[in-house]
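Scroll down for the structure; my scribbles are underneath it.
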Amino acid sequence: MKNWKHALISGGGSGLGHGLAVRLLRRGTSVSVLDLAVSDERRSALEAAAEQGHARWQFVEANIADETRVGAAVADAVLAFGAPDLAINSAGIGLSRAFSAMRTEDFRRVIEVNLMGSYHFAAAVIPQLRPGARLALVASLAGIVSNYSYSAYGTSKFGVVGLATTLRYEYEPRGIHISCICPPEVKTPLVTQERADGDPVAMDVKLIAGSMELDPACDQMLAGLDAGRWMIIPSFAGKATAFAAQRMPGLFYRFMDTTIRKYMRKHGVPVIS
């Protein structure tokens, strides 16, 4: 188990970011939570975890899509707790919508938050990192395989994987370690919202890689960071899906095409055989 001293986590007010923050606090790591807000319930959970681990935490308001505010928030966090040795960008939004129904402003918003937000976070954090520190960008399994109705989300997460890959090439030789986290669906507030209004074909297709509970997903992600892994994919089903997509792309495409056509018919979407 890695002895992290200061972890800086964007999106730490809910979902995966909050789950990671709680676990790190229990271990005695000081945690800076960057987010738009933190609810009273989640603040209580962070306080309890900090008390258990005899650790400190702070909330710094930040909009990940705002480059200036992210830079200021990171500077404030470092001023209070010192340079981070672990920085995790977990902030993000989802959108499941068929391309034919996509509005330009919605597509742009997903890119601004998920991809440009990852850039803003990395640009603000990397100058603060010392050799031996680790930067982790949370992408998604959708950044490896994408999905039906994921033109915006898949594009943004493929971009995050590409950004993390390039940062790995540039900064590993300088002693700054990079991780890319690509979880399958995890039962977070973001996914709950997506399940409520997402494309029904996409929701069925997502069953291929399965759905994880929050706790085991966070446990596996943190274990991967502790072990210094580059690519962290929680769950056997997630790893198997990524393996098939990367190592057997032709076979995987045919499987996906057959599966998608089946669910399109199920939901009344016209299909040409």
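The analysis underlying the following values was restricted to heavy atoms, covering all of them including side chains, and did not include hydrogens, waters or symmetry mates.
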I'd like to know if the side chain of [X] pairs up with that of [Y] as donor and acceptor (distance under 3.5 Å, no hydrogens or angles considered).
{"X": "D199", "Y": "S149", "result": "no"}
{"X": "H18", "Y": "D35", "result": "no"}
{"X": "R134", "Y": "S179", "result": "yes"}

ILVMFWY network linking L20 to V160, side-chain heavy atoms under 4.5 angstrom:
no

Please enumerate all residues that pass side chain to side chain donor-acceptor pair (under 3.5 Å) together with T29, with sequence neighbours excluded.
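With sequence neighbours excluded, T29 shows a side chain to side chain donor-acceptor pair (under 3.5 Å) to no residue whatsoever.
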
Taking every non-hydrogen atom, the tightest pair across [X] and [Y]:
{"X": "I208", "Y": "M256", "answer": "CD1-SD, 3.7 Å"}
{"X": "C180", "Y": "A139", "answer": "SG-CB, 4.0 Å"}
{"X": "V113", "Y": "G92", "answer": "CG1-CA, 3.9 Å"}
{"X": "L214", "Y": "V186", "answer": "CA-CG1, 3.8 Å"}
{"X": "V78", "Y": "Q128", "answer": "CG1-OE1, 3.6 Å"}
{"X": "S30", "Y": "F81", "answer": "CB-CD1, 4.0 Å"}

Find out whether I181 and L16 are in side-chain contact, i.e. whether some heavy atom of one side chain is under 4.5 Å from a heavy atom of the other.
no

Side chains of D76 and Q58: does their closest heavy-atom pair fall under 4.5 Å?
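Of all side-chain heavy-atom pairs linking Q58 with D76, none is under 4.5 Å.
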
Please work out whether the ring planes of Y150 and Y153 are parallel, tilted or perpendicular, with thresholds of 30° and 60°.
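The arrangement is perpendicular - the two ring planes meet at more than 60°.
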
Please tabulate, one pair per line, all N/O donor-acceptor pairs under 3.5 Å involving side-chain atoms of residues 217-235, not counting sequence neighbours.
from, atom 1, to, atom 2, distance (Å)
D219, OD1, R23, NE, 2.7
Q220, OE1, S235, N, 2.8
D226, OD1, W4, NE1, 3.0
D226, OD1, R27, NH2, 2.9
D226, OD2, R27, NH1, 2.9
D226, OD2, R27, NH2, 3.4
S235, OG, G238, N, 2.9

Calculate, to the nearest 0.5 Å, the distance between atoms OG1 and CG belonging to T259 and D204 respectively.
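Reported to 0.5 Å precision, the distance equals 10.5 Å.
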
Not counting sequence neighbours, which residues clear ring pair (Phe, Tyr, Trp, His ring centres under 6.0 Å) with F121? List them please.
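For F121, no residue satisfies ring pair (Phe, Tyr, Trp, His ring centres under 6.0 Å) once neighbours in sequence are set aside.
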
